[in-house]
Amino acid sequence: MEAIHEEALAAIEEVFGDRLKRRPPRSTGSASDGALASVFPTSAEEVVSLARMVERYSVPLVALGAETAPQTPAKEGRVLVRFDLMRGIWLPDSDEPWAGAEPGALWLELDNELRLRGRGLTVYPTSAPRATVGGWLAQDGIGVGSFEYGRLRENVVSADVVMPGGERLSVEGEELHSVVGTEGGGAIVVGARLRTRRAEDDVPCALAFGDYEELAGAVAGVFDAGVSLWHLGLVSRELARIRGLGEECLLFGAYPGERDEVAGATLREVASSTGGRVLPSTDAYRVWGERFFPIAPSRPTPVLADRTFVPLGEISGYLKSRADKAVQGTVARSGEVLLLALEPSREG
Ligand SMILES: Cc1cc2nc3c(=O)[nH]c(=O)nc-3n(C[C@H](O)[C@H](O)[C@H](O)COP(=O)(O)OP(=O)(O)OC[C@H]3O[C@@H](n4cnc5c(N)ncnc54)[C@H](O)[C@@H]3O)c2cc1C
């Protein structure tokens, strides 16, 4: 087996040169452990040729992004594909509602580019300063903007993927999960067109609550009253404390400025009927401005101890059962809620 692996690596090295990095001699405690090597392609065509090459030696390929999702070390004999050299972004000339990106582009980079033109992504993850386009597409999920626009897959115009063996396909968002990942066909995402929205004047809002029953009641109240938010997220008491936002648990969100009068008034009604209070605008801007916490380019990535999707009715039970944990939540228009329990990174 070792001889075949060596032959495969030699063949890849002949084409990719020093863009093939052999496995480090010692364990690094990362996804690289157990992999034969990492390869850094510069184009979709190179991913196709890599997939064809490894198939001749029956060596599987595993794509990696920023590793913000918990990684199981690669099984012995795999080759990792990393997209540090495929971070391109392309935007349409006109006001068309999409943006294109290569798999290594960061969600926040893409959104920042769009903001310069008064547009933004319809959805992005709260790990956007680090997470890659390919990584979140492979996982799917709920993110900032899902209250109005739903799950990520509902916001993918099309994705360009390379199948094991090298076939290249263009798939729609809803088809992605059937081709990507270990439960799908093992495809690698090499590019995507993502939905965008006009985003010139979003207004942040934030509400504070003494307990999780009140907070969960307010989330239900927001649905019942049909408040037209773009985003609705929550912050556990422990996470609020760590962020220096006080001792209460929080709901926060944002909506386009033109909805301010109606949305603002309805939120005040929801707060007063559930025992909460609306925070002043300066505090709302602060909570919103730190929505990526604790992800930051300068900080080690926190460990994602749990990533669970629950219905609205289970929010307070989940938060109470993890009273000492830093938990952030994101609410989707379907009533599904993504809850993420975070722990400090191993580096501290
Ligand atoms: C603080 C924090 C906040 C988060 N917020 C959110 C959130 O708002 N919503 C949410 O849904 N999740 C969230 N997550 C989970 C995770 O960050 C996201 O799923 C993220 O987008 C993964 O991207 P990544 O680049 O880190 O991918 P990785 O963690 O490197 O990879 C994730 C999976 O995708 C596969 N993969 C990577 N690139 C490709 C590719 N090009 N083609 C095929 N497969 C590929 C990998 O093999 C792996 O199985 C969060 C995590 C943390 C730590």
Side-chain angles (χ1 to χ4, degrees), residues 30-32 35 38 41 44 47 51 60-75 78-84 86-87 101-110 121 123-147 150-153 155 159-164 171 176-177 179-192 231-235 239 242 290-296 299-309 326-332 336-345:
S30 73
S32 316
S38 297
V47 180
L61 281 182
V62 175
L64 264 194
E67 299 179 50
T68 60
Q71 306 290 323
T72 37
K75 285 197 193 122
R78 284 173 192 247
V79 166
L80 303 177
V81 193
R82 296 183 181 265
F83 292 103
D84 305 51
M86 285 180 68
R87 293 175 65 161
E102 289 189 312
L106 306 186
W107 286 93
L108 189 58
E109 271 172 8
L110 182 52
L121 289 162
V123 295
Y124 54 78
T126 56
S127 50
R130 270 182 191 261
T132 63
V133 164
W136 200 36
L137 284 172
Q139 292 233 299
D140 191 30
I142 291 173
V144 175
S146 289
F147 191 80
R151 274 192 174 243
L152 168 61
R153 61 175 180 244
N155 293 279
D160 194 6
V161 302
V162 174
M163 302 301 292
V171 297
L176 251 181
H177 71 283
V179 296
V180 174
T182 40
E183 284 145 38
I188 292 178
V189 178
V190 292
H231 175 64
L232 181 63
L234 62 91
V235 176
L239 185 54
I242 295 170
E290 295 171 358
R291 65 196 173 285
F292 302 121
F293 183 93
I295 291 265
R299 266 197 298 262
T301 303
V303 175
L304 193 52
D306 189 31
R307 179 173 184 263
T308 306
F309 295 89
V327 179
Q328 55 162 266
T330 310
V331 185
E336 244 185 327
V337 185
L338 171 62
L339 293 165
L340 302 172
L342 303 165
E343 287 174 2
S345 73

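Read the numbers this way: they start at 1 and go in the same order the structure lists the ligands and their atoms. In this chain, residues are counted from 1 in sequence order.
- Scanning Leu342, Leu80, Ile188, Thr68 for the heavy atom closest to atom 17 (O) of ligand 1 points to Thr68.
- With values rounded to the nearest 0.5 angstrom, Ile242 atom CD1 is found 8.5 Å from Leu342 atom CG.
- For Leu340, the heavy-atom gap to ligand 1 drops under 4.0 angstrom.
- For Asp306, the salt bridge (charged side-chain N to carboxylate O under 4.0 Å, His left out) criterion is met by Arg322, not counting sequence neighbours.
- For the pair Trp107 (side chain) and Arg130 (backbone), a donor-acceptor distance under 3.5 Å is absent.
- Near Ala69, meaning under 4.0 Å from one of its heavy atoms, ligand 1 places the atoms 29 (O), 32 (C).
- For atom 50 (C) of ligand 1, the choice among Pro103, Gly233, Gly104, Ser127 with the nearest heavy atom turns out to be Ser127.
- Annotation for ligand 1: atoms under 4.0 Å from non-hydrogen atoms of Ile142 are 7 (C), 8 (O), 9 (N), 10 (C), 11 (O).
- Every atom of ligand 1 with a heavy atom of Ala138 under 4.0 Å away is listed here by number and element: 34 (O), 35 (C), 36 (N), 43 (C), 44 (N), 45 (C).
- Listed by number with element, the atoms of ligand 1 under 4.0 Å from a non-hydrogen atom of Leu304 are 15 (C), 51 (C).
- Nearest approach of Ala51 to Met163, heavy atoms of both residues: CB-O, 4.1 Å.
- Among protein heavy atoms, atom 5 (N) of ligand 1 sits closest to Thr126 OG1, 2.8 Å.
- When each atom of ligand 1 is checked for a heavy atom of Ala131 under 4.0 Å away, the hits are 20 (C), 21 (O), 23 (O), 25 (O).
- Distances shorter than 4.0 angstrom occur between a heavy atom of Ala187 and an atom of ligand 1.
- Near Ala66, meaning under 4.0 Å from one of its heavy atoms, ligand 1 places the atoms 24 (P), 25 (O), 26 (O), 27 (O), 30 (O).
- Listed by number with element, the atoms of ligand 1 under 4.0 angstrom from any heavy atom of Arg307 are 10 (C), 11 (O), 12 (N), 15 (C).
- Ligand-side atoms of ligand 1 in range of Leu338: 7 (C), 9 (N), 10 (C), 11 (O), range being under 4.0 angstrom from any heavy atom.
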